[in-house]
2 protein chains.
Amino acid sequence: MDIKQYIKNHGRIVQLDAGAHLFRQGELEDALYWVNQGLFKAYYLQPDGKELVKSFIAEQNMITNLSAVVGRQACTFSLVALEPAELAKVRFDTLFEHTLNDLELSRFMLDALIQLAQKKERREYEFLCLDATTRYLQLKAERPDLLRRVTQNDIARYLGITPVALSRIKHASR
Amino acid sequence: MDIKQYIKNHGRIVQLDAGAHLFRQGELEDALYWVNQGLFKAYYLQPDGKELVKSFIAEQNMITNLSAVVGRQACTFSLVALEPAELAKVRFDTLFEHTLNDLELSRFMLDALIQLAQKKERREYEFLCLDATTRYLQLKAERPDLLRRVTQNDIARYLGITPVALSRIKHASR
DNA sequence: TTCACGTTTTAACTTAGGTTAATTTCAGCC
DNA sequence: GGCTGAAATTAACCTAAGTTAAAACGTGAA
């Protein structure tokens, strides 16, 4: 069974309005979600109230808060719907148990985790090796849809700079 | 069978002098390694000759170049021994095949990948949310051994700053 | 249409970190 | 003990990005 199939069989449908939170930093969470529809923003809230964007998650992707779900700790980030959304929700533990008896499912989990690790490695590379201007131009080239669906403020906080700085970069690179 | 056991059974021992490369950016690579002894530096070489440190890998850890090994692409980074080292080497493909028939092995792969993803997520957080001084102080608190085994130049390039900047930070935070 | 409010831009000033180069420190070696 | 070369520090100057605040722009509701 593949993951999408598994979630279809075992999952509960969740509907969210734009602006609604799926979970918040500090809460406990044990679920893994599959996004059927909508766009989400994962973000860290700093003690001083500043917000930094960890990632954007669109349709046909998984969402989970790894440390919360694996380590049974408080969520390290918050997750908010930027558009009206529909997801399927399953308990991570139950899914993980099923991988114990189902080699195919286990394989799909492996694939998903490899993909996740590669994505994170990519982002690590960008922060370590590229300057803000290059990160912006790359994002613009590779996810032009995002720039349309998301405010420039959020794009800036995803790139690790302030909205003011992003506005300047856009101006300079025109 | 767990991964260490698997590698012990199927792996080939590799010895390296300090300064020797395990693989280089741009080469093809199909192996996964287990570090028995030594310390490694994974680094990106920029077109302008600048070097940025992706990670340090010490004893009792796995090493692999995910994109190279999974996507059959050129290595995205180089891997060099900072100390005389001994590793066990297995083909990634073969291991991955074995996970198809061995649930326990599959589980151990899952655990390893979850850990990897969590590590990467952690580093992403540090680049996104913390300034260089905080990143340095945190590294110093959490991996004091590293600061002893690695030159300050390499620590700086791991933190994403120049050696000059790190020296300044040390001076200021004393 | 207009108002209100959030988003984006612009400007002026500050700060962290980069760059280059000179100097000091230190470890290994003769 | 003195020499060598790498590593680390220091200094002077430069640039990217942060901060604060004001102005301009857009969009949706009344």
Side-chain angles (χ1 to χ4, degrees), chain A residues 17-20 39 41 43-53 56 80-84 123 126-140 144-174, chain B residues 17-20 39 41 43-53 56 80-84 123 126-140 144-174:
Chain A
D17 294 333
L39 180 62
K41 171 175 80 171
Y43 66 97
Y44 296 107
L45 203 56
Q46 300 290 95
D48 63 1
K50 218 163 285 177
E51 178 189 316
L52 283 305
V53 176
F56 299 104
V80 63
L82 299 180
E83 304 172 356
R123 193 148 152 81
E126 287 165 359
F127 277 123
L128 188 60
C129 301
L130 309 179
D131 64 14
T133 301
T134 312
R135 292 203 298 276
Y136 166 67
L137 292 175
Q138 206 156 297
L139 183 69
K140 191 178 159 189
D145 56 307
L146 253 194
L147 296 236
R148 249 167 276 121
R149 289 168 87 178
V150 170
T151 71
Q152 200 169 300
N153 282 357
D154 279 341
I155 295 289
R157 291 186 267 259
Y158 172 76
L159 294 172
I161 58 180
T162 59
V164 177
L166 178 52
S167 176
R168 272 194 295 240
I169 284 173
K170 279 180 68 178
H171 182 81
S173 71
R174 206 176 332 124
Chain B
D17 294 333
L39 179 63
K41 170 175 80 171
Y43 66 97
Y44 296 107
L45 203 56
Q46 300 291 95
D48 64 1
K50 218 164 283 175
E51 179 188 316
L52 283 304
V53 176
F56 298 106
V80 63
L82 299 179
E83 304 172 356
R123 193 147 152 82
E126 287 164 0
F127 277 123
L128 189 60
C129 301
L130 309 179
D131 64 13
T133 301
T134 312
R135 293 203 299 277
Y136 166 66
L137 291 175
Q138 206 155 295
L139 183 69
K140 191 178 159 189
D145 56 308
L146 253 195
L147 295 236
R148 250 168 275 120
R149 288 169 87 177
V150 170
T151 71
Q152 200 168 299
N153 282 356
D154 279 340
I155 295 289
R157 290 187 269 260
Y158 172 76
L159 293 172
I161 59 180
T162 58
V164 177
L166 178 52
S167 176
R168 270 193 299 240
I169 285 172
K170 280 180 68 178
H171 181 81
S173 70
R174 205 175 332 123

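A, B, ... follow the sequence lines: proteins, then strands. Residue 1 opens every chain. Bear in mind that the values here come from a model prediction, so they are computed numbers and not experimental data.
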For D:dT19 and A:K50 - does any side-chain N or O of the residue sit under 4.0 Å from the phosphate oxygens OP1/OP2? yes

Is any side-chain nitrogen or oxygen of B:H171 closer than 4.0 Å to OP1 or OP2 of D:dT10? yes

Kindly give the heavy-atom pair with the smallest separation between B:Y158 and A:L128, and that separation in Å. O-CD1, 3.9 Å

Provide, to the nearest angstrom, the distance between the CG atom belonging to A:L128 and the C1' atom belonging to C:dG18. 15 Å

Kindly say whether B:T134 contributes a backbone atom to a donor-acceptor pair with the side chain of B:D131 at under 3.5 angstrom? yes

With no hydrogens and no angle check, is any side-chain donor or acceptor of B:S173 less than 3.5 Å from a backbone partner on B:I169? yes

Among C:dT20, D:dA8, C:dT9, the one nearest any side-chain atom of A:K170 is C:dT9

Could you give the CD1-to-C1' distance, from B:I161 to C:dG18, as a whole number of Å? 11 Å

Would you say B:S167 reaches D:dA8's phosphate, i.e. side-chain N/O to OP1/OP2 under 4.0 Å? no

In whole angstroms, the gap separating C1' of D:dA17 from CG of A:L130 amounts to 16 Å

B:L166 atom CG is separated from C:dG18 atom C1', nearest whole Å, by 14 Å

N or O in side chain of A:N153 less than 4.0 angstrom from C:dT8 OP1/OP2: yes

Atom CG of A:L52 and atom P of D:dG18 are separated, to the nearest Å, by 10 Å

Quick check on DNA chain D: between B:V150 and B:R168, whose nearest nucleotide comes earlier from the 5' end? B:V150

What is the distance, rounded to the nearest whole Å, between atom CG of A:D48 and atom P of D:dT20? 11 Å

Distance, rounded to the nearest Å, where B:R157 contributes CZ and C:dG18 contributes C1': 14 Å

Please state how far atom CG in A:L147 lies from atom P in C:dT8, giving the value in whole angstrom units. 11 Å

Answer yes or no: does a side-chain N or O of A:Q152 lie under 4.0 Å from OP1 or OP2 of C:dT9? yes

Among C:dG18, C:dT8, D:dA8, which nucleotide has an atom closest to any side-chain atom of A:T151? C:dT8

Just how far is it from atom CZ of B:R135 to atom CG of B:L166, taken to the nearest 0.5 Å? 11.0 Å

Go nucleotide by nucleotide along DNA chain C from the 5' end; which of A:V164 and B:R135 gets its closest nucleotide reached first? A:V164

Checking the side chain of B:R157 only, and the main-chain atoms of B:T162 only, is there a donor and an acceptor separated by less than 3.5 Å? no

